[in-house]
Amino acid sequence: MSDRQPTTDRGRIRIVGFDEATEQKRDSDASSDAADADGAAADQSIASRAATGIESTTASTSALAQPGRRLENAWRRFRRNRSAMAGLAVLIVMTVLAVFARPITVATAEVTVTLQPFSLAPSDPAAMFVGPPNASPSPAHPFGTDWAGRDQFSRVLVGGRYTLSIGLVAVGLALCVGVPLGAIAGYFGGWIDEAIMRVVDVLYAFPFLVLAIAIVPILEPVPILGSGYWTVVVALAVTGWVGYARLIRGEVLSVREREYVTAARALGVPDRTIIRRHVVPNAIAPVVVQATLNIGTVVLTAAALGFLGLGLEPGSAEWGAMLAQGRSSLLRGDWHVTVFPGLAIFLFVLAINLVGDGINDALEPNRDVDDDRRRMR
Amino acid sequence: MSLGRYVGRRLAVTVPVLFGVTALTFSFVHLLPGDAVDAIVGFRAVSPATEAATRAEYHLDQPVWDQYLLWLRDAITLEFGESPVTGRDVSATIGRRLPATLALGGAAWLLALAIGIPAGIVAAVRAGEPADEVGRLAALAGIATPNFWLGLILLFVFSVRLGWFRVLPPDAPLVSLATAKFLVLPTITLGTASAALVMRLLRSSMRRELDATYVTAARAKGLPERTVILKHVLRNAVLPVVTVAGLQLAFLVDGAVVVEGIFSWPGMGRLLVQSVLQRDYPVIQAIVLVIGIAIVLANLLVDIVYAILDPRIRY
Amino acid sequence: MALLEVEDLVVQYYTDDGVVRAVDGLSYEIRAGETVGLVGESGAGKSAASRAVLRLLDGTGEIVGGEIRFRGRDIRELSADDLQAIRGNEIAMVFQDAGAALNPVYTVGEQIAETIRVHEDASDGEARNRTIALLDRVGIPNPAARYADYPHEFSGGMQQRAVIAMALSCDPAVLICDEPTTGLDVTVQAGILELLAELAAKSETAIQLVTHDLGVVAELCDRVLVQYAGEIVERAPVDELYYDPKHPYTVGLLAATPRLDDDRERLPTIPRPAPDLVDPPTGCRFHPRCPYAEDCCASRRPSLVDPVSGRPVDGDPETHVAACLEYTGDLEAGLDYEVQIRDDADSNCRERKQQGEPR
Amino acid sequence: MTRDARLHERATDERTRTIDWAALSHAVTPRALRYRAIDVGVSTDKRRYDPGEPVEITITFRNRLPIPIRIRTDSPNYWYWTVDGLRAASQVPRAVPDRPAAFSFTRRERKRFQRQWHQRMQVSEDEWQPVDPGTYTLAVSLTRSDAAARGLIDHTTIEIVD
């Protein structure tokens, strides 16, 4: 078989007639020739099927058709994600419980304004000996009491305030620092980029918690930070911004090269406007995802600080601090003191992770969140 | 570009970062409100003679730039002086604590890999099957569990209730059966979250690689399925896991700070917390410096290992 | 007995929409040393058919019927170990995208040597030497040095040559090439085709060449199988197929092939998209797109017959057969097309063939 | 090709999701509820057809519940349509493996598929015959032996008039 000469003269072959026949058939189709009618109809149906694909009607099909409604579409995708919605529900419940745990009042010298009068928690979290010390869970004290006879249930509810607000505020502050710095570094490049990124590299050399621990004694003597709450927040923000700066710089570097940015530059739009209007909005999605996931990290770190006895005043109803107090009770065999605050942290961090994964899938379905997680920590 | 030149370029970037780390650590006492001497002696009232001696010891009487260089010189020769709080030599204290932390961290790291890698492989190969579902839920729980809580629970169940792992005799040598046995709980506590991260990461990167054409091509060559998975897929899938190794180290150090406290393990983390509570600044400074440099070097090492594993990176 | 015999092969994929019959009753055989082309549009099930030979179907793909006999043994019945012993050793595959078919983290040499070590009792040194010889054979310059190069250091054409070297490493009896030149530059394509042609001419390896490009087939193949909607519609020695195509689908494909001296304003194309294999047309599957289709085409499925005698296929794979009702005398108007041979020197010199005058 | 696109979508979905809610939902949903959740429907574009005119058949499966539902089927060919009881208008049985598989729906999902019937019956491997004018029943059923008892079928009638 192999000794055959290859066909070299195929360049001279031409088919005549097929095309003409095709044209004829088209014409006859148009005049709905009976013989060809069903064949033609079959073709149409095949064509229409190929065009529409297999229609599996879900909300997204119509939504995707409309451009410029990214957030709305993202929300739709998010809503269809059951785990993310479950996580969100947990977060909402925890927030409501924390807010309505005890009344919130704003006191000035003369007047006291009550912002929120409800009180879900049965007793003041700081009140001692509302029950016997180290009591096991009972109807009166569903989560038991700690060594000082304080009601654990009330303390866990109120403790959510620390955790939730520290997480939100610290991440918010870190974003305010990290996003502008990272965007500037990525957009302008050159020595500005070098300078900012070297600082980022240096801060990156220190583990999150170690740096926060080391900063606490520096911040504590600063008078305006007061009770220790802000010490913790600032310590976490100072250590947290580097991750966002790094992340958004990388995004900006790729967005910067897109046509619409070049076009805006060519039109003489000021750099500030370009960064604000064009670059950051297109680079922000992974940052939003990271920020959400980082609330979990920050909450864990804040709880660790509380657990180590750093930052907040001793005896605060913060979940980490409560766990630290529970350690000695635990060694005596009283398990309940540590179970409930720990469970609360666990639930919160779990929910944040579910929501973060959901936001990632909603904003950028093709991006793997674990890829970013390794760029942050 | 050869591997050697890649390493050279990478080193060139590392040096300024190392300087930055030392500078930041140095400026630590100077960032404190008030006079640095007060910070160093721990905000106590001291005699003028002691103050002058401290000033001289820490070169506080010289311009800041010279102070830094002198401090750096001392740091390079591991001369951190004495702790004003305990009066002990800082280098010697750290030298005693460091092996304990390395032992705990190393054990936890090995545990994380020993659980994370096989679990990740199994979950990826059996994606969608019960083994995968269970693994994925376990990983999620592992990431969300605060390690101090996990430590307390383990302590309660295994030490208090079951009495398996009792307190460590204070004079037990680091390399001994008693120590190894005692280390079981802290290692599990510290390694769990890392194992979960490794598993998740490896699973998702293996899933991606399994779809690649080279996998079909490897099967078409007649390689056994084992070889296809362990030689071809795993080698590619492990790359993203290597990139996290540096972060994992930072993560482990963070964890060690907490876990050492729970289990009263005499390591650097516990020393750091004690020093912060006692405002023992020279010790804090030395610990932070050691950790910072260790992580910078570890990241350098990770990048080199990555370049060896991924030939594309060198070009 | 032919080397590779595929008989009545059926491959199915399962989707929510129903069963996709990617390959529906495919039969062919390849004898030692010959080169057979499998031609058709994308979506005709060519790749599924060739991957099924090594049981390498992806996703939900499954062989549900037929036999694939290699040297008389049914590949479908083989154990995993026996199958591995055949893959890469007796039957090897060349993939379409060479860049993706090479593992990026191993050297090209290692990936070739690995195949040799798996199948033969060769030492590392022997495997290495043989690999270098193979790289040389497929036309990679300076093979000893390139042995240690990684895939990304090779150009696209060189990667394809390396993949061919990998497939040849154990002197396979059958080489299945799945679109080996798609996605390459024209000049690089020519080089690869030359390499394959040389291989077909000089070695005893049988080649199954899967492509949508009739030009590639013309240069390499001894025989051609034309696949449409999972079925073979025409089978012929290569010259007969080009000079005397019998099935309207083949005619359409030929008409749509661009030529160097083309003076036509636009290329004729076969109208309408290929059919959905979830719900293939009744009768002749080509009838909705066929310009010569008549009523009977929708209700009777033509089988492969000798166009002259109208009798079903005999055992000889060299026989030119086509599946069109024209050849069983069922069409009234016949097929009206002609093949013109245009001579560069004298374009008036024509060989005119008129098909199927009304009987 | 749509199949590739869908496989890809499935793969990414499977990669990123945190919890397999479909499996969880399947595990906790009572069997009777699962069957009742799925609504099977078949419709045509018209009631009456001229001879030879293709019949456009639309098959719809709908999950009424806001939870994912999986239904076991006797074959990976999850469903089939019939004309007067003949599968896919054919008297020739098709080789479909009879191993169990699962037809999966996301919450409130509606799957819609189209088929065409050219008013021809397949009478043998290679032969189709046009049908005579008259009334024909088009039906769709999940591939389960108890589909009728479980309500997993639907049918409609059309008329072919000369």
Side-chain angles (χ1 to χ4, degrees), chain B residues 1-6 117 121 124-129 201-202 205-243 245 302-315, chain C residues 47 50-51 53-59 61 78 80-108 110-120 148-153 159 162-163 166-170 172 175-176 178:
Chain B
M1 187 167 62
S2 70
L3 188 61
R5 277 186 56 196
Y6 172 80
I117 289 181
I121 294 173
V125 174
R126 306 201 172 284
E129 293 176 29
L201 201 58
L202 188 63
S205 75
M206 289 249 324
R207 294 293 304 150
R208 232 184 343 236
E209 296 296 332
L210 279 167
D211 291 341
T213 311
Y214 73 78
V215 180
T216 315
R219 290 191 180 123
K221 284 198 282 189
L223 302 184
E225 191 63 17
R226 249 184 103 78
T227 314
V228 173
I229 299 293
L230 295 182
K231 180 176 177 186
H232 286 267
V233 181
L234 186 60
R235 174 72 184 273
N236 282 280
V238 90
L239 290 172
V241 182
V242 171
T243 60
V302 163
D303 282 358
I304 293 172
V305 169
Y306 191 93
I308 293 171
L309 288 178
D310 188 350
R312 285 163 297 185
I313 208 77
R314 281 169 244 157
Y315 293 85
Chain C
S47 283
S50 35
R51 287 189 167 210
V53 170
L54 280 178
R55 281 169 46 191
L56 283 171
L57 291 169
D58 55 341
L78 294 181
D81 285 348
D82 288 347
L83 185 63
Q84 275 158 17
I86 286 186
R87 284 177 179 174
N89 189 21
E90 303 257 38
I91 305 176
M93 257 189 113
V94 174
F95 289 84
Q96 173 173 352
D97 183 356
L102 290 164
N103 190 331
V105 299
Y106 291 108
T107 62
V108 171
E110 161 61 20
Q111 293 185 59
I112 300 171
E114 171 187 51
T115 320
I116 299 174
R117 289 199 308 264
V118 161
H119 292 296
E120 287 164 38
D149 278 359
Y150 288 94
H152 67 271
E153 297 170 77
Q159 285 175 344
V163 168
M166 193 187 297
L168 293 178
S169 57
C170 294
L175 187 64
I176 297 174
D178 189 355

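Chain identifiers are assigned alphabetically (A, B, ...) following the order of the sequence lines, protein sequences preceding nucleic acid strands; residue numbering begins at 1 within each chain.
Here C:Y106 contributes atom OH and B:K231 contributes atom NZ; the two are 5.5 Å apart, rounded to the nearest 0.5 Å. To the nearest 0.5 Å, atoms CZ (C:R117) and OG1 (B:T227) are separated by 10.5 Å.
The minimum heavy-atom distance between C:R87 and B:R219, with the atom names listed, is CD-O, 3.1 Å. Considering all non-hydrogen atoms of both residues, B:P311 and C:P104 come closest at CG-O, 3.3 Å. Heavy atoms only, all atoms of each residue included: B:A220 and C:M93 are closest at CB-CB, 4.2 Å.
Interface remark: C:V105 contributes backbone and side-chain atoms alike to the contact with chain B (heavy atom separation under 4.5 Å). Using a 4.5 Å cut-off between heavy atoms, C:E90 does not touch chain B at all. For chain B, the nearby part of C:R51 is the side chain; its heavy atoms alone come within less than 4.5 Å.
When the candidates C:L56, C:L83, C:L54 are compared by the number of heavy-atom contacts under 4.5 Å with chain B, C:L56 comes out ahead. The choice from C:A167, C:G88, C:S169 that makes the most heavy-atom pairs within less than 4.5 Å of chain B is C:G88.
Take B:D303 and apply the salt bridge (charged side-chain N to carboxylate O under 4.0 Å, His left out) test, not counting sequence neighbours, and it matches B:R10. Legend: residues meeting side chain to side chain contact (heavy atoms under 4.5 Å, CB included) with B:A237, ordered by chain and number and at least two apart, are B:L202, B:S205, B:M206, B:E209.
The backbone N or O of C:M166 sits nowhere less than 3.5 Å from a side-chain atom of B:K221 that would complete a donor-acceptor pair.
With contacts defined as side-chain heavy-atom distances shorter than 4.5 Å, the pair B:Y214/C:Q111 does not qualify.
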